[in-house]
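Worksheet: one structure, shown below.
In the text below, chain A, chain B and the rest are named by the order of the sequence lines, each starting its count at 1.
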Amino acid sequence: MLDRKFIVDQVAAVKKNCEDRGMSADVDRFVELDGLCRDKLNEVQELNRQANEVSKSIGKAKDDAEREARKEEGRQLREAKDAAQNEHDQMAAELLQIQRQIPNMAHPDAPIGKDDKANLVVAYGKTEVPKFDFKPLDHVELGEKLDLFDFPAGAKTTGQGFYFLRNEAVLLELALQRYALDILMAEGFTPTTTPDLARNDVLEGIGFNPRGNETQIYSINNTDLSLVATAEITLGGSLAGETLSDEQLPLKLCGISHCFRTEAGAAGRATRGLYRVHQFTKVEMFAFTLPEQSDAMLMHIRDLECRIFDGLGIPFRIVDTSTGDLGAPAYRKFDLEAWMPGRGDAGEYGEVTSTSNCTDYQARRLNIRYKKKGEKGTTFVHTLNGTAVALSRAIIAVMENYQQADGSILIPETLQPYMGRTKIG
RNA sequence: GGAUGGGUGGCCGAGUGGUCGAAGGCAGCGGUCUUGAAAACCGCCGUACCGCAAGGUACCGGGGGUUCGAAUCCCUCCCCAUCCGCCA
């Protein structure tokens, strides 16, 4: 969420930003209530001060009569304070509710537009889109021929949108993970495996909403836990409530987790095969930085995503996400879209990674701060996240781009050492 | 699941009704000394909020209660650790 003072000081900018992002929040009400709430806080504090004074004077009372009189005075002051406090708390709760609905400010260079049609292609990867002298298959058909997936079994045991990987698809998934991990470790990311469940308040701190009809989140009955939609949730939450030293930053982590998404409302939208599934595995990057480091860190993470896909020899483009398509916590977001020859009539780009600079939006909700050596006070850190490899979609990209006329699939050179073979089929 | 022990400032750790925002230590900052550094010694040193400031208010896991007054007493919830049982 945004800083209270910032909202009040920059009402016009905050409202414009809500509009650009197609989100609604009652900013005017927030500003009005903020003033009232502050006045009430002052009243509470004044009553408290008086009550404290009375309390202190009781020990010094010269006789019982005066002591009793002072006690009574104290009682009344506390009562008045409690009443004022209640009013204040009510206003504060409403304020927080509005404050949480206000999205992060967007980067001034982020394209303005109401949905993904306004996204801007800003660059392409090193690999050319492949030209086939045969009709390329999609990953579902390839997988069927090579016995790499079992969708019916996934549907039977669990439901539509679940799947089994089989044979070389398993090796490919593991190889991709290890390939990405090696690149990230060399760049100073601490490799971690993370819980696949997280507390709901952590989900909310990161910006997910675990409840409601529209939720993308599976929750565990009779607990306050949900299945994570990404390791971003647990990696970001891992430092909730902590105050770091500025010397620790930037802090770079990568985490491997399963990701669970209900995909509510997404039925029928490009759902074939592995593209949109309810469970997949992902290697995620996460960084905690000083405010002045986050712009550069976003580019660093973006570069790593490019390196990973360039290294795989997969064609892709980079998209600068428009304001209307940014999630509430994101200040700026870049997606990598890989070329998928089997998609659509003659191939299409499909999103494979996404990296966001969330500035201090998540940190403020999760209360993650840093302290500068020798300086007074604390400041919220900036948080960033980015996909290293979403395995389900990376598998699609590898299979479809590396398919051969005979239906076999070559393994990208960089993966061969991890895979222990050069082709499938 | 059972049994115990715990949750206090950046960290460790005292503190069982007022004079406690909290001893002591570590870390940090400033200084003395030193050619410089280390050591030693002296001083400063929690966070958030309100306020131009002076200053004030709150915070000792969360919530509630007792009291004029709670880190301290009571209730309740949460979390953590260790051991036992079960188990990959």
Side-chain angles (χ1 to χ4, degrees), chain A residues 1-9 30-96 98-100 193-205 210 219-220 222-226 234 237-249 251 256-258 288 290 360 363-381:
Chain A
M1 61 196 171
L2 295 178
D3 178 54
R4 204 207 80 236
K5 275 192 191 131
F6 178 85
I7 298 169
V8 174
D9 290 346
F30 184 91
V31 174
E32 181 203 353
L33 205 56
D34 181 68
L36 294 174
C37 188
R38 246 200 337 274
D39 292 345
K40 193 52 81 175
L41 179 63
N42 283 326
E43 190 186 326
V44 170
Q45 292 188 348
E46 176 56 21
L47 286 166
N48 245 327
R49 195 190 60 73
Q50 292 175 16
N52 286 342
E53 214 167 76
V54 168
S55 289
K56 278 184 198 150
S57 75
I58 285 175
K60 299 177 200 128
K62 54 180 184 300
D63 55 43
D64 276 1
E66 186 187 333
R67 196 178 339 267
E68 285 312 312
R70 303 245 88 185
K71 282 189 184 184
E72 181 52 31
E73 195 183 340
R75 257 190 292 269
Q76 283 176 9
L77 282 166
R78 296 282 172 191
E79 244 170 66
K81 181 227 117 189
D82 284 345
Q85 181 87 56
N86 273 337
E87 288 180 59
H88 167 271
D89 290 352
Q90 237 165 29
M91 287 192 268
E94 193 186 334
L95 274 169
L96 184 64
I98 300 172
Q99 192 178 4
R100 285 174 148 280
T193 60
T194 58
D196 285 342
L197 283 85
R199 294 183 203 290
N200 289 332
D201 53 357
V202 173
L203 289 258
E204 282 166 15
S219 52
I220 307 293
N222 302 322
T223 72
D224 67 340
L225 294 173
S226 295
T234 41
S238 67
L239 292 181
E242 300 202 18
T243 304
L244 311 168
S245 131
D246 62 331
E247 291 167 331
Q248 291 173 265
L249 301 171
L251 204 60
I256 304 177
S257 81
H258 293 118
F288 300 90
L290 298 174
D360 60 4
R364 186 170 289 107
R365 288 176 166 220
L366 292 166
N367 192 23
I368 308 174
R369 306 151 181 274
Y370 73 92
K371 190 173 170 59
K372 215 167 201 149
K373 245 186 162 172
E375 279 187 18
K376 240 183 134 47
T378 56
T379 315
F380 291 111
V381 301

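Nucleotides B:C29 and B:A39 have their P atoms positioned 12 Å apart, rounded to a whole Å. Across B:G6 and B:G18, the matching P atoms stand 22 Å from one another, rounded to whole Å. For the C1' atoms, the distance from B:G61 to B:G5 is 16 Å, rounded to whole Å. Rounded to whole Å, the P atom of B:G56 lies 15 Å from the corresponding atom of B:U19. Distance noted for atom P between B:G64 and B:G13: 29 Å (whole Å). For the P atom pair drawn from B:C60 and B:G55, the interatomic distance equals 25 Å after rounding to whole Å. On the C1' atoms, B:G9 is 5 Å away from B:G46, given to the nearest whole Å. One C1' atom belongs to B:G7, the other to B:U57, and the distance between them is 26 Å to the nearest Å.
Contact check, A:T243 against B:U47: no side-chain N or O comes under 4.0 Å of OP1 or OP2.
Separating the CG atom of A:D246 from the P atom of B:G10 is a distance of 15 Å, rounded to the nearest angstrom. Atom C1' of nucleotide B:G69 and atom CD of A:E72 are separated by 15 Å, given to the nearest angstrom. Taking atom CG on A:L95 and atom P on B:C49, their separation rounds to 15 Å, with Å as the unit. Residue A:F6 contributes atom CZ, which lies 16 Å from atom P of B:C49 at whole-angstrom precision. Taking atom CD of residue A:Q248 and atom P of nucleotide B:C11, one finds them 11 Å apart after rounding to whole Å. Summarising the geometry, the separation between CD on A:E242 and C1' on B:U47 is reported as 15 Å, rounded to the nearest angstrom. If you take CG of A:L244 and P of B:U47, they are 15 Å apart, rounded to a whole angstrom. For A:E73 and B:U67, the CD to P distance is 18 Å, given to the nearest whole Å.
Contact record, A:T234 with A:P195: CG2-O, 3.6 Å, taken as the closest heavy-atom pair.
A:E242 meets the salt bridge (charged side-chain N to carboxylate O under 4.0 Å, His left out) test with no other residue; sequence neighbours excluded.
With a cut-off of 3.5 Å on both pairing distances, the Watson-Crick and G-U wobble pairs of RNA chain B assemble into stems of 3 or more at B:1-7 with B:78-84, B:10-12 with B:24-26, B:28-32 with B:40-44, B:46-50 with B:55-59, B:61-65 with B:73-77.
A salt bridge links A:R364 and A:D360; the closest N-O separation between the charged side-chain nitrogens and carboxylate oxygens is under 4.0 Å. Looking at A:D82 and A:R78, no side-chain N of the basic residue comes within less than 4.0 Å of a carboxylate O on the acidic one, giving no salt bridge. Note on A:R49 versus A:E53: salt bridge recorded, some NZ/NE/NH1/NH2 to OD/OE distance being below 4.0 Å.
With no hydrogens or angles considered, no side-chain donor-acceptor pair links A:N86 and A:Q90 at under 3.5 Å.
Considering only heavy atoms from C-beta on, A:V381 stays 4.5 Å or farther from A:L251 through its side chain. Looking at A:L96 and A:M1, their side chains come closer than 4.5 Å, going by heavy atoms from C-beta outward. A:E68 has its side chain out of reach of A:E72: every pair of non-hydrogen atoms, C-beta onward, lies at least 4.5 Å apart. A:L41 has its side chain within reach of A:Q45: a pair of non-hydrogen atoms, C-beta onward, lies under 4.5 Å apart.
Map A:K371 and A:K71 each onto its nearest nucleotide of RNA chain B; the residue landing nearer the 5' end is A:K371. Where A:D3 and A:A51 each meet RNA chain B at their nearest nucleotide, the meeting point lying more 5' is that of A:D3.
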Review point. For nucleotides 50-64 of chain B, read 5' to 3', which letter fits each nucleotide if B means a protein heavy atom sits under 4.0 Å from the base, S means only the sugar-phosphate is that close, and - means neither?
Key: SS----BBS------

